[in-house]
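Let me begin by presenting the structure, written as structure tokens, before commenting on it.
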There are 2 protein chains.
Amino acid sequence: MQQVRDEQAVAAYVERFGDVLTDAGMPRLASRIFAALLADDDGRMTAAELTETLEVSPAAVSGAVRYLTHVGMIGKERERGSRRDVYVVRAEAWHDAIMSRDRVMNEIMRSMARGVEAVGGPETSAGRRLQLSVDFIDFITRRLGDLQEEWSERRAKLMAD
Amino acid sequence: MQQVRDEQAVAAYVERFGDVLTDAGMPRLASRIFAALLADDDGRMTAAELTETLEVSPAAVSGAVRYLTHVGMIGKERERGSRRDVYVVRAEAWHDAIMSRDRVMNEIMRSMARGVEAVGGPETSAGRRLQLSVDFIDFITRRLGDLQEEWSERRAKLMAD
DNA sequence: AAGAAGATTCACTATTTGCTGAATGATGTG
DNA sequence: CACATCATTCAGCAAATAGTGAATCTTCTT
């Protein structure tokens, strides 16, 4: 039973899912573009397609797409002998999105580590509190790295079927 | 060697760390308040202290503090027979912050799961792509829960010293 | 080399967000 | 019960953000 693709339903879904991503902190148009790519049949859309289906200006697409490629959630490709960029949702989109958060976490950790000194060293109560936070973040981010690997393996096995 | 606490250095640190948190997506004043509490000697400050040391209006503190309590990073207490609230950084601040992100992740996951149907079911290529994303997020968030537990135990042991 | 098709940049506008000051509300004290 | 002390809410303002349209830059075609 191969269902027929109801483009209108898909469009509606793109908007709903876009909203969810926006609530999660992603810029609005970037959210909609990512949603559109995820829901697109072959996960590949040109800038022109995006401006048309999302009803925004090419300029806006350009900016949003820069953001998405920057955080590694989509890739920009160009078929040789063509001028149009085609954007593809990367297989590692979520992986990278989480890892980019990880980078932020690392910043926080480093700043807190410096804070230990600023408040008078690890013997002070503020110092202890900061250090404990550092330890926690460190623990979580390390383990998160392991999880990504575990997933890659698990996925590889599934793909082998 | 118990260092003397240099309040000026602490204040400077609060601003730097506040910036880091803001970059991570936390509203500006909320970041500064959380930083101030983390760096405070006993991790407890009244609203008045906050307005004074951070040089903002009581109204602003009220709003920022609402945000922070909402995401569970600080607690509001009031000593009986007093009108002043005292805000304390919760021991589980980071834990809860991460878990609250987790709630967001769950929203995303649920939305993508609904998307599988919208794009024509799990047999379509878009459906497969969405389902794979769901699986990944599911995997990560579950494991993240385990990690929090592991940390609690680890921490309990350390505290026993 | 000229032209066309596309992407990007830039100046501007509209919306959203974070803060202030003033007014209002809540809660303890004489 | 009236007053004082704090917290909160609300209208307004200032700064940041996301998008538009026009101009510019790139790159393929002929």
Side-chain angles (χ1 to χ4, degrees), chain A residues 11 14-15 17-37 44-71 73-89 104, chain B residues 11 14-15 17-37 44-71 73-89 104:
Chain A
V14 165
E15 296 308 319
F17 185 45
D19 286 346
V20 172
L21 290 178
T22 299
D23 288 349
M26 191 179 297
R28 176 161 169 68
L29 182 55
S31 300
R32 298 175 67 215
I33 288 179
F34 186 71
L37 282 172
R44 307 173 61 82
M45 293 177 79
T46 65
E49 283 181 277
L50 288 169
T51 65
E52 190 191 349
T53 72
L54 302 180
E55 292 174 9
V56 288
S57 70
V61 170
S62 178
V65 139
R66 159 140 37 104
Y67 168 85
L68 285 167
T69 51
H70 181 249
V71 300
M73 296 189 72
I74 70 173
K76 173 197 285 193
E77 297 178 0
R78 185 172 290 193
E79 296 163 35
R80 50 159 272 145
S82 166
R83 262 153 308 189
R84 49 186 82 160
D85 293 333
V86 43
Y87 300 102
V88 320
V89 41
V104 170
Chain B
V14 165
E15 295 308 319
F17 185 45
D19 287 347
V20 172
L21 290 178
T22 299
D23 287 349
M26 191 179 298
R28 178 161 170 67
L29 182 55
S31 300
R32 296 175 68 216
I33 288 178
F34 186 72
L37 283 172
R44 306 174 61 82
M45 294 178 79
T46 65
E49 284 180 276
L50 288 169
T51 66
E52 190 191 349
T53 71
L54 300 180
E55 293 174 9
V56 287
S57 71
V61 170
S62 177
V65 140
R66 157 138 39 104
Y67 169 85
L68 285 167
T69 52
H70 182 249
V71 299
M73 296 188 72
I74 70 173
K76 172 196 288 194
E77 296 177 2
R78 184 173 291 192
E79 296 162 35
R80 46 159 275 143
S82 165
R83 263 152 310 193
R84 49 186 81 162
D85 293 334
V86 42
Y87 300 101
V88 321
V89 41
V104 171

* Minimum heavy-atom distance between L37(A) and V89(A), given as atom pair plus value ->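 Minimum heavy-atom contact is O-CG1, 4.0 Å.
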
* What heavy-atom pair brings Y87(B) and T46(B) nearest, and what distance separates the two atoms? ->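 Residues Y87(B) and T46(B), closest heavy atoms: CD1-C, 4.5 Å.
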
* If you measure from CE on M73(B) to OH on Y67(B), what distance do you get to the nearest 0.5 Å? ->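 M73(B) atom CE to Y67(B) atom OH measures 7.5 Å (nearest 0.5 Å).
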
Any donor and acceptor pair, going by atom type alone, linking the side chain of [X] with main-chain N or O of [Y] inside 3.5 Å?
{"X": "S62(A)", "Y": "P58(A)", "result": "no"}
{"X": "T22(A)", "Y": "G18(A)", "result": "yes"}
{"X": "R32(B)", "Y": "V14(B)", "result": "no"}

Rounded distance (Å) that lies between atom [atom2] of [N] and atom [atom1] of [X]:
{"X": "L50(B)", "N": "dC19(C)", "atom1": "CG", "atom2": "C1'", "result": "16 Å"}
{"X": "R28(B)", "N": "dA15(D)", "atom1": "CZ", "atom2": "C1'", "result": "12 Å"}
{"X": "D85(B)", "N": "dT27(C)", "atom1": "CG", "atom2": "P", "result": "11 Å"}
{"X": "L68(B)", "N": "dT8(D)", "atom1": "CG", "atom2": "P", "result": "13 Å"}
{"X": "Y67(B)", "N": "dT9(D)", "atom1": "OH", "atom2": "P", "result": "18 Å"}
{"X": "R83(A)", "N": "dA7(C)", "atom1": "CZ", "atom2": "P", "result": "10 Å"}
{"X": "D23(A)", "N": "dT17(C)", "atom1": "CG", "atom2": "C1'", "result": "15 Å"}
{"X": "D19(A)", "N": "dT16(C)", "atom1": "CG", "atom2": "C1'", "result": "16 Å"}

* Asked: Can we say R28(A) and D19(A) salt-bridge, meaning some charged N sits less than 4.0 Å from an Asp/Glu carboxylate O?
  ->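 Looking at D19(A) together with R28(A), the answer is yes, because their closest N to O distance falls below 4.0 Å.
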
* **Salt bridge present between R44(B) and E77(B) (N-O < 4.0 angstrom)** =>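 Salt bridge: yes.
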
* Asked: Of R80(A) and M26(A), whose nearest nucleotide on DNA chain D comes first from the 5' end?
  ->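 Here M26(A) is the residue nearer the 5' end.
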
* Divergence of helical axes at both termini of the helix from dA1(C)-dT30(D) to dG30(C)-dC1(D) - five pairs an end, 10° steps ->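 Taking the rotation axis at each end, their angle is 20°.
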
* Whether over 12 other heavy atoms sit under 6.0 Å from R84(A) CZ ->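 Not more than 12 within 6.0 Å, no.
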
* Asked: Between dT8(D) and K76(B), is there an OP1 or OP2 to side-chain N/O distance shorter than 4.0 Å?
  ->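 Looking at the OP1 and OP2 atoms of dT8(D), one of them is under 4.0 Å from a side-chain N or O of K76(B).
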
* With nearest nucleotides of DNA chain C determined for R66(A) and R84(A) from heavy-atom distances, which residue corresponds to the more 5′ nucleotide? ->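 The 5'-side residue here is R84(A).
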
* Which parts of residues 52-64 of chain B get close to DNA chain D, meaning a heavy atom less than 4.0 angstrom away? ->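 P58(B), A59(B), S62(B), in order of number.
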
